[in-house]
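Residue numbering restarts at 1 for every chain, and letters A, B, ... go by the order of the sequence lines.
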Amino acid sequence: MTTAEHSEDIENIVDCQNLSIHRDMREVLHNASCCIPINALTFIVGENGSGKTTLVQSILGLLPITNGEIKLNSKSKKELVFGYVPQSVNFSKHIQMTVSEYLKYSASVPSDLIEETLSIVDFPETHLHNRLTELSGGQTQKLLLAAELFRSPDILFLDEPLSNVDDSSEKHIIDVILGIKNQGVAIVIITHDWQMVSSYADHVICLNTNFLCELSSSCICKNSLSKLNIRNIQKATPDPQSSHPGYCYIENI
Amino acid sequence: MDFFELFSIPFIIRALIGSVLLSIIFGLFGTFIVPRRISFMADGISHASLLGIAFGLFIGTYPLIYAFLVAAIFGFILAKVSESSRITEDGFIGILLTGGMSGALILLSFVPGYKPELFSYLFGNILSIEWMDLYILAAFFVITLVILYSQWRPLVMSTMHVELAQVLRMPIKRTRYFLFVGTAIALIAGVKLLGVILVSALLITPVLTANQIGTTFKSTLILTLIIGTLGSIVGIILSYVFDIPTGPAIALLLVAMFTVSLVYSNLFKNIKV
């Protein structure tokens with residue numbers, strides 16, 4: 001069940017309580033609870049198939065939940081605006097839509113603001129009239145991010161936002177994400193990039209019993225990760241015993 | 001007979017007006033049906049609606065009323081089934097097609113005597129288009145345009161990517177039902193011109209032809225409407241001049257235009273609209 005509440009004084013924009021979610025007849029999450037703090041950069045981490053995307057899609061309303069509750073908290077009476085950039089998108093090949101047309105349809109971007117909207121995410125101007133099917137994975141992610149940013153969401157979900165982006169654009173995209181976080185947008189990023197987690201996380205949601213999370217910005221993985229990344233995270237764990245008030249832990253089945 | 005005298009013949013005028021209205025409706029629906037990879041729906045629904053035609057002939061009343069009813073119900077069921085992850089759309093369309101046609105053939109076996117009107121419904125007959133048909137078609141045309149206008153953005157976005165349209169909180173379920181039921185009704189509206197066997201040509205072929213030449217959504221849509229309208233107008237004229245059946249004339253002309261566009265797009269890849 002998804003409910004919406006509004007209050008001037010809220011800590012979490014989303015509260016998930018005792019969620020159970022099935023996907024293709026298989027239970028992916030069982031009795032899981034977590035929250036997404038307001039004005040924070042939250043990372044969702046976990047091994048492949050642990051239910052990261054499923055959790056996000058359920059919060060977005062794309063997947064029904066079997067049990068539990070998703071509470072959406074808003075500061076105003078207005079419905080929360082969600083933004084979502086999937087890791088990869090397969091647009092229909094049989095519809096000839098250009099980059100500028102996509103921005104008009106998806107985010108109602110006026111013609112005179114299209115170039116400016118794309119420049120925010122470092123999207124090449126020369127590709128403005130390219131068809132969507134001609135774009136690379138990284139360009140598509142940038143385009144989707146540009147469209148979502150124009151819509152001014154209250155909460156923005158990004159699924160592996162840097163996975164297809166080249167090195168030169170990576171820093172730019174991170175700066176853009178940090179910039180909108182500072183404007184008060186709650187950001188949720190699904191990632192396997194532990195360097196990114198240890199550098200920028202305000203809050204971490206781990207979806208695997210193999211992860212031991214004691215602090216925000218400090219997750220130790222017992223396996224599956226490269227030693228380099230583990231070392232980096234351990235370095236960022238000054239006191240693994242202390243707890244963080246915004247910390248959430250999801251135990252995957 | 002002088003060529004321009006053609007346009008003073010009442011049944012030709014009715015056929016031309018009807019074909020323009022139908023080409024626009026089909027072009028608009030086809031723009032969303034073809035990219036969703038459910039073009040087979042056009043054949044499935046139109047063939048299955050023979051069940052309604054057979055029922056009308058069986059009880060001796062106007063058969064197209066029952067064909068409209070059958071098509072609308074099948075369109076609705078198909079929209080419902082497309083929500084299921086356990087039944088594929090094309091598989092279910094195949095079931096509708098075979099089930100509907102089998103029922104129709106059994107019903108027709110109980111209708112005694114020669115059934116000349118059946119061939120009109122199978123292959124189209126412009127002589128059978130009455131003014132009343134055009135009034136009904138015009139009303140359907142206006143309703144379709146109004147709904148399409150109000151649902152345009154959700155239709156475009158859900159055709160592009162369903163999940164993203166859902167995140168935008170667009171009414172994708174409502175637009176899907178409108179698209180499926182609207183297309184099903186449009187197909188039956190085109191039966192008198194093209195017949196149930198060939199009516200899908202006007203839904204599918206102009207979109208695929210335009211896709212070879214157009215580079216933007218807007219230009220492809222405009223080309224679709226032009227190609228469909230041109231194909232059906234010229235097809236009607238050719239069928240009258242050469243005394244050939246109208247439905248096949250239009251369908252064959254559209255196929256010829258598609259072939260030319262295919263050659264054009266392969267030879268002149270850089271010249272696009």
Side-chain touch R37(B)/H94(A), heavy atoms, less than 4.5 angstrom: yes
Side-chain donor or acceptor of Q96(A) paired with backbone N/O of T216(B) under 3.5 Å: no
Which atoms of L164(B) approach chain A - backbone, side chain, both or neither, heavy atom under 4.5 Å: side chain
Per-residue contact mode, M157(B) against chain A (heavy atom under 4.5 angstrom): side chain
E83(B) atom CD: more than 12 heavy-atom contacts under 6.0 Å: yes
Nearest-0.5 Å distance, OG1 of residue T215(B) to NE2 of residue H129(A): 10.0 Å
Flag if over 12 foreign heavy atoms under 6.0 Å of CD, E116(A): no
Largest heavy-atom contact set with chain B, pairs under 4.5 Å, which of Y105(A), Y84(A), F82(A), F91(A): Y105(A)
Max heavy-atom pair count under 4.5 Å with chain B, selected residue of Q57(A), E79(A), K93(A): E79(A)
Beyond-backbone contact of L60(A) with Q166(B), side-chain heavy atoms, under 4.5 angstrom: no
Closest non-hydrogen atom pair between L80(A) and R169(B), with its separation: O-NH1, 2.7 Å
P86(A) versus chain B, the contacting section by heavy-atom distance below 4.5 Å: side chain
Region of N130(A) that comes under 4.5 Å of a non-hydrogen atom in chain B: neither
Options V81(A), T98(A), L132(A), L62(A), ranked by heavy-atom pairs under 4.5 Å with chain B, top entry: L62(A)
Pick from V162(B), V156(B), L208(B) with the largest number of heavy-atom pairs that fall under 4.5 Å of chain A: V156(B)
Gap separating the CE atom of M160(B) from the CE atom of M97(A), nearest 0.5 angstrom: 5.0 Å
Minimum-distance pair of heavy atoms, taken over all atoms of V89(A) and H161(B): CG1-CD2, 3.0 Å
Nearest atoms (heavy-atom pairs only) where S92(A) meets P35(B): OG-O, 3.2 Å
Donor-acceptor pair, side chain of R153(B) and main chain of S106(A), under 3.5 angstrom: yes
Distance in Å, I95(A) CD1 paired with T220(B) OG1, rounded so as to fall on 0.5 Å steps: 8.5 Å
Exceeds 12 heavy-atom contacts within 6.0 angstrom, atom NE2 of H172(A): yes
A147(A) versus chain B, the contacting section by heavy-atom distance below 4.5 Å: neither
